**Q** 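Below you will find the structure I want to go over with you.
Whatever order the structure lists ligands and atoms in, that order sets their numbers, starting from 1. As the structure is a computational prediction, the values presented were derived from the model and not from experiment.
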Amino acid sequence: MMRFSFKKSKLLLSVILCLHIPHIIGQNKIPKIQLEKSQISSEFIEAKIDSIIAVLTLEEKVAMTHAQSKFSTKGVARLGIPEVWMSDGPHGVREEISWDAWSEAGWTNDAITAFPALTCLAASFNPELAEEYGFSLGEEARYRKKDVLLGPGVNIYRTPLNGRNFEYLGEDPFLASSMVVPYIKGVQKNGVAACVKHYALNNQEHWRDKINVEVSDRALHEIYLPAFKAAVQKGNTWALMGAYNKFRGQHTTHHKILNKILKTDWKFDGVVISDWGSAHNTKEAALYGLDMEMGTGTDGLGTGTVNHYEYYYLAKPFLKAIKEGELSEDLVNDKVRRILRLMYRTNLNPNRPLGKLNNKEHYQTARKVATEGIVLLKNDDNFFPIKDQKGLIIAVIGENATRNMTRGGGSSQLKPLFEISPLQGIQKRYKNATIIYTMGYESGAPVYDKVLPATLNQDSLYVKAIEVAKKADVVLFIGGLNKNHLQDSEGDDREDFDLPYGQEKLINGIYEVNENLGFLLVTGNAVKMPWISKTKGILQTWYLGSTAGLAIADIVSGDVNPSGKLPFSFPKELNDNAAHTFGQISYPGDGVNQEYIEDILVGYRWFDTRKIKPQYAFGFGLSYANFKISDVKLDKENYTKKDQIKVTLEVANTGNREGAEVVQVYIGKHKSKVKRAVKELKGFSKVYLEKGENKLVTISMNVSTLGYYNTDISDWSVEDGTYYLYVGNASNNIVKKIKFELF
Ligand code: GLC
């Protein structure tokens with residue numbers, strides 16, 4: 001037994017005292033952390049932050065700038081400053097994860113509402129709905145006691161192979177900007193920080209942690225940054241996540257240029273959080289804007305140094321560099337100021353609402369986003385809607401009819417309280433018809449980083465499917481991708497553009513015995529469609545979350561008229577896509593570098609300029625009704641650069657039922673002195689019309705939004721001269737073109 005030594009205990013006591021003396025002596029200087037409800041002005045908060053920073057030790061400040069667990073950072077316990085708790089993801093609150101491992105924590109109170117993936121939200125072209133979506137999701141994050149929601153993702157859709165396109169808002173920066181702002185505002189109304197991600201140029205998953213992207217300043221500012229800029233300047237996002245990849249040789253999570261753009265040019269006053277393991281250097285992290293370092297490798301419970309939070313770049317190495325005078329203490333003070341500001345907006349905000357979880361309103365929002373985002377791509381012979389009637393035999397074939405789609409896909413995967421499958425939704429809705437289901441094909445269980453083989457005999461599944469199709473009056477094939485590894489999932493990209501798991505062969509086989517065939521595509525990406533002539537109807541149904549089956553049945557039955565429009569182009573062939581036109585260096589890169597050679601011509605900008613016909617165009621979507629856009633007028637013929645352009649037009653519903661049309665306004669410079677796309681989306685409006693109804697619609701935009709990023713002056717320029725206004729209901733269906741002049 002250790003002999004009691006007075007000498008040792010005296011030494012121990014003096015060590016403890018000297019550690020705490022500053023606090024004991026300064027006790028009266030300790031500020032009250034809590035704010036009164038009336039004290040939430042920014043002036044008061046900034047003053048409060050000053051007073052807190054003044055009494056924090058250097059160790060306490062550094063500790064706030066890096067992870068203490070998988071999804072949390074330290075507070076300051078002795079002062080009552082809380083920890084910051086974060087959670088994925090962009091379309092639902094992820095299940096609780098273990099303190100130190102990626103495994104689920106095994107809680108039983110963390111099931112939530114799974115909302116449709118963001119491509120579906122983008123396809124709704126409904127910014128008001130985006131705010132409702134963000135608010136509902138923010139309520140769930142608040143109820144789950146999360147201070148930061150790690151979403152939305154706004155990386156631009158550059159290649160149909162990107163494993164995470166389903167998490168993002170499509171190929172057009174104006175659409176992505178228009179949808180991300182209300183989403184963020186909705187989330188943050190709950191006192192939960194949105195964390196727009198991944199800043200920037202994380203447009204693929206292949207080699208995401210190391211690929212160095214080379215892209216022009218024009219494409220950077222005109223295509224890849226606008227949604228982030230809108231999130232900061234219009235959405236007032238309280239957090240932003242750095243990306244894994246490099247840009248011009250430096251890691252984007254602590255990047256000199258990107259940090260200047262974000263924190264100096266855009267005046268971002270929030271917190272930059274790394275992606276998990278995306279920090280690579282203490283000095284760069286300190287100097288170039290990283291405020292909170294989170295980690296993939298985490299070992300806070302072990303005693304080693306590898307992956308230990310205390311050895312993160314913004315932990316002991318940062319503390320040491322400051323103590324040794326290599327880095328200024330001002331750097332950590334700015335980080336702590338931002339973190340405390342985030343806290344006064346979230347867990348220290350005395351007016352923060354309580355949040356809600358799994359309620360009727362959230363299910364209604366999820367279902368509304370799903371039905372408004374589903375896109376009717378093909379409808380020959382009015383294949384859809386399918387009327388529920390006695391004696392009708394509907395064959396539902398395909399693994400995606402029953403597969404759980406909220407699992408898989410990587411960090412955005414969810415544990416919903418329930419998930420209604422397409423088959424369940426169809427069975428619930430069709431009370432009179434006879435529904436027969438067979439799997440048709442099998443893919444294998446969703447595992448993050450490997451492809452598990454199918455377990456059933458594929459031939460017997462195929463034979464069974466043909467038998468079932470033979471007996472049916474109508475066949476609904478429900479297939480697509482499925483968020484398995486290499487199939488719409490984080491961590492890597494798809495390896496080809498085709499439908500996997502033998503679906504094409506199966507569709508052809510079904511067609512041989514039954515031509516009354518419709519395809520419900522469950523994907524977050526475009527796919528190759530060599531089978532298109534074998535189908536009468538095609539619905540792009542995305543990943544729809546908890547109410548998937550209800551929304552699909554709403555549309556298939558005609559209870560709801562589809563109104564979604566594609567937020568990205570579907571190329572016929574992969575090599576029709578801009579990123580796949582310039583060889584490996586363009587996509588996926590050579591393993592070290594990658595060049596965005598198509599530059600500003602992403603998506604429809606490329607198809608327009610190269611006069612390539614896509615399979616389905618950006619902004620395209622059919623309806624069960626018919627609409628007519630007419631009487632398109634500009635308020636002037638000539639504009640100055642300070643003007644606002646006002647477009648007026650009429651939309652009529654000439655169909656035989658209610659519906660909604662998305663009127664799109666594109667603008668293009670005639671004979672520009674620089675390379676520019678033929679036209680760019682500058683405005684849109686979703687118009688709801690009863691049968692026979694017509695409405696006058698006004699869409700306005702500032703002339704200043706017609707500029708291009710002028711690399712000669714590193715700023716935006718608006719050219720004088722002739723422009724064209726294009727109005728239509730798809731990027732390749734323009735009903736009116738009007739010339740106007742700019743002076
Ligand atoms: C992942 C993702 C990021 C996610 C984070 C935490 O690597 O890139 O989007 O929020 O790690 O799971």
**Q** Between the side chains of Arg337 and Asp291, is the shortest nitrogen-to-carboxylate-oxygen separation below 4.0 Å, so that they form an ion pair?
**A**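 No, Asp291 and Arg337 are not salt-bridged.
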**Q** Ring-plane angle category for Tyr199 and Phe228, please: parallel below 30°, perpendicular beyond 60°, tilted otherwise.
**A**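 Rings of Tyr199 and Phe228: perpendicular, over 60°.
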**Q** In plain terms, say whether Asp217 and Arg248 are close enough for a salt bridge, that is, a side-chain N and a carboxylate O under 4.0 Å apart.
**A**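 Salt bridge present between Asp217 and Arg248.
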**Q** Would you mind checking if Lys415 and Glu96 are paired as a salt bridge, meaning a charged N to carboxylate O distance below 4.0 Å?
**A**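 Judged by the 4.0 Å cut-off on N to carboxylate O distance, Glu96 and Lys415 do not form a salt bridge.
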**Q** If the criterion is any heavy atom closer than 4.0 Å to an atom of ligand 1, which residues make the list?
**A**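 The answer is Phe71, Asp88, Arg94, Trp102, Leu150, Arg164, Lys197, His198, Arg208, Met241, Tyr244, Asp275, Trp276, Ser411, Glu490, counting any residue whose heavy atom sits under 4.0 Å from ligand 1.
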**Q** Could you check whether Arg345 pairs with Asp269 (Lys NZ or Arg NE/NH1/NH2 to Asp/Glu carboxylate O, under 4.0 Å)?
**A**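 Answer for the salt bridge query: yes.
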**Q** Flag the pair Glu490 and Arg164 as a salt bridge only when some basic side-chain nitrogen lies within less than 4.0 angstrom of an acidic carboxylate oxygen.
**A**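 A salt bridge is present here (some side-chain N lies under 4.0 Å from a carboxylate O).
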